[in-house]
Amino acid sequence: MYNVIIKNAKVFDGTGKAGFYADVAVKDCRIAAIGKDLEGETTQILDAAGLVLSPGFIDPHTHSDLPLMVDGLAQSKIRQGVTTEVVGNCGSSPAPLMGAVVKEIQAEAEPYGYKVDWTNFGSFLDKYRSQGVAQNVAALAGHNTIRACVLGYDDVQPTPGQQKAMEQLVADAMQQGAHGLSTGLYYPPGFYAKTEEVIGLARVVAQHGGIYASHIRSESDTLMESIREAIEIGRRSGAQVQISHLKLEGSHNFDGADRVLEMIEQANRDGIAVGTDQYPYDASSTWLGAILPNWAQAGGNEAVARRVKDPATRKLLVQDWKDHRLDWENRSGITNWDQILVVTAQGRPEVVGRNVQEIADQDGKDPLETLFDLIAISEGSASAVWFDQLEKNVQYLMKYPRLVTGSDGNALSTEGVLGSIICHPRSYGTFPRVLGHYVRELKLLTLEEAIRKMTSLTAAYFKLEGRGVIREGAWADIVLFDAEKVIDKATFTHPQQYPEGIPHVMVNGEWVIQNGEHTHALPGKVV
Ligand SMILES: [Zn+2]
């Protein structure tokens, strides 16, 4: 007895093969049959004429770790057709949870009113299992988290014993279900780490067959050196490399796309497996404190806010910012003030949705001082969207065959506690934006190639067995969408809008979205 026979859809199997008309039958959690005019006993027949049937999309780069704990329905992702998310990116994972990390992660969970209570990686993943999630979750262990467990958040180097302790935590996480290690070498305390430290940890990952995913040290002034470092880590550790959210930030780099892709190609020719992912927007998003020199980002949000509040330290910060040295990524040096859109500002909610120049004009202050004030009043938590890239480069990179689509966003919701989280539109729009805007409207990619970059290629990178493909025996992660209508609705000023044109989404054989409505089913697995 089948759960469902999906009839008359145009099937794209995820491998890059052109679409073909076939029926697809699902039994329990798996795809049981694919063929013309399938018959057999079935609970449901769905006539999907006019729709595309594709493997559920796999989002390789998300920060949904805590949002999925708070609300497992994963509304903003499942409605995009995402059936598996990779969490724990950019060096940040909520586990292992010990030492200085406990306070930091609890602070991150605070806005959601959530209490974190796991200890190691295994008990963290068990929490998803016991609470239930709508989509599958694959998790990476974060280097910043692991480093902070052993060394705290300060600018220090590990002793051999501490290096060993970090390597042991990576080994434990891998044994308890992590798919690999992520770094955020752009963020504290990751940026204190020397390359050797990361190589040591990535070696452990390689021994377990995992992936090394990196938010590299710089995506602007020292982009090329940073990509070289990621490749070097892959070469010396033996780990497969994923360069996260590939982009060229800042006008100094706008002509570098060819060079970047050539470096990745050369690495692959040399036998180092290097892949990459991208979100389809020309603006990035991060906390405002990221504009500070590395030394001023030490010690967590509170410490950062304290420095900005102290008049003497603030003077030093202004000087460092003006010097525009290359040993830290001076984000506001690569954008204009009106290109920095404030999206969260605890303590000054009225400035959300406005750019730093506008806020400064209204305050009658210098924009840099205004930005420091926002960091201070929000106790370091304020964040922004930075319009720091060229659309031309976004499109150029998108066509690169080794690049997959990834949101760098969260599984959010327009309702409940997650509804108050203002965000970059990528959390709501990434996948339908590629399918509607870049494939249908701009014809930048064929539909089968775009789907391959959302499914089978991503599954191969993260070793997700039996996912990302429509074939008999594969997991029944399926999305049905209207290729003529699918489109993102989320914008930078109104991000909390679900996409259109994706009526049905199935995870492990169960409908999570049916006729555009969430069924409240939680069939996701920790994979
Ligand atoms: Zn990142």
Carboxylate-amine/guanidinium contact Glu167 Arg203, below 4.0 Å: no
For Trp287 and Asn301, test the side chains for any donor-to-acceptor distance below 3.5 angstrom and give the result as yes or no. no
For Ser54, the side-chain hydrogen bond (donor to acceptor under 3.5 Å, both in side chains) test, sequence neighbours excluded, returns none
Donor on one side chain, acceptor on other, Thr183 and Ser214, under 3.5 Å: yes
Decide, yes or no, whether a salt bridge links Glu232 with Arg235 under the criterion of side-chain N to carboxylate O below 4.0 Å. yes
Quick check on side chain to side chain donor-acceptor pair (under 3.5 Å): which of Lys453, His245, Gln242 does Asp277 satisfy it with? Gln242
Does Asp13 come within less than 4.0 Å of Arg471, counting only side-chain N to carboxylate O? no
Could you check whether Glu500 pairs with Arg79 (Lys NZ or Arg NE/NH1/NH2 to Asp/Glu carboxylate O, under 4.0 Å)? no
By the salt bridge (Lys or Arg N to Asp or Glu O under 4.0 Å) test, which pairs, at least two apart or in different chains, include something from residues 51-62? Asp59-Lys77
Going through the checks in order, is the salt bridge (charged side-chain N to carboxylate O under 4.0 Å, His left out) test met by Glu225 and Arg217? CA-CA 9 Å; Glu225 293 87 329; Arg217 244 175 242 277; over 6 Å; no
Pairs meeting criterion salt bridge (Lys or Arg N to Asp or Glu O under 4.0 Å) with involvement of residues 179-189, two or more places apart: none
Would you say the side chains of Gln357 and Asp361 form a donor-acceptor pair under 3.5 Å? yes
Pi-cation contact, Phe20 with Lys17 (under 6.0 Å, within 45°): yes
No-hydrogen, no-angle side-chain donor-acceptor test under 3.5 Å, His63 and Asp408: yes
Does the distance from a Lys or Arg side-chain N to an Asp or Glu carboxylate O, for Glu196 and Arg236, drop under 4.0 Å? yes
With sequence neighbours left out, what residues match Arg259 under side-chain hydrogen bond (donor to acceptor under 3.5 Å, both in side chains)? none
Close side-chain approach of Met166 to Leu201, heavy-atom, < 4.5 Å: yes
Between Glu197 and His143, is any side-chain donor less than 3.5 angstrom from a side-chain acceptor? yes
Sequence neighbours excluded, the answer for ring pair (Phe, Tyr, Trp, His ring centres under 6.0 Å) partners of Tyr498 is Tyr428
Is there a donor-acceptor pair closer than 3.5 Å between any side-chain N or O of Ser285 and the backbone N or O of Val385? no
Would you tell me whether Ser427 and Asn410 have side-chain atoms, one donor and one acceptor, within less than 3.5 Å of each other? no
Quick one: is the NZ or CZ of Arg426 closer than 6.0 Å to the six-membered ring centre of Tyr279, and within 45° of its axis? yes
Polar side chain donor-acceptor pair, Gln266 to Asp270, under 3.5 angstrom: yes
Does some side-chain heavy atom of Phe57 sit less than 4.5 Å from a side-chain heavy atom of Leu435? yes
Please assess Phe492 against His424 for the test ring pair (Phe, Tyr, Trp, His ring centres under 6.0 Å), listing each intermediate value before the final yes or no. CA-CA 6 Å; Phe492 284 101; His424 188 293; 5.1 Å; yes
Modelled atom types, side-chain donor and acceptor of Thr62 and Ser407, under 3.5 Å: no
Checking side-chain polar atoms at under 3.5 Å, does Gln496 have a donor or acceptor matched by the opposite partner on Thr414? no
Please list every donor-acceptor pair under 3.5 Å in which a side-chain atom of residues 458-470 meets a protein atom from a residue at least two apart or in another chain.
from: Tyr461; atom 1: OH; to: Arg402; atom 2: O; distance (Å): 2.7
from: Lys463; atom 1: NZ; to: Gly209; atom 2: O; distance (Å): 3.2
from: Lys463; atom 1: NZ; to: Gln240; atom 2: OE1; distance (Å): 3.4
from: Arg467; atom 1: NH1; to: Asp477; atom 2: OD1; distance (Å): 3.4
from: Arg467; atom 1: NH1; to: Asp477; atom 2: OD2; distance (Å): 2.7
from: Arg467; atom 1: NH1; to: Asn508; atom 2: OD1; distance (Å): 2.8
from: Arg467; atom 1: NH2; to: Asn508; atom 2: OD1; distance (Å): 3.4

For residues Glu391 and Tyr396, is any side-chain donor paired with an opposing acceptor at under 3.5 Å? no
Return yes if a side-chain donor-acceptor contact under 3.5 Å exists between Ser381 and Gln346, otherwise no. yes
Lys/Arg-Asp/Glu bridge criterion (N-O < 4.0 Å) met for Glu449, Arg452: yes
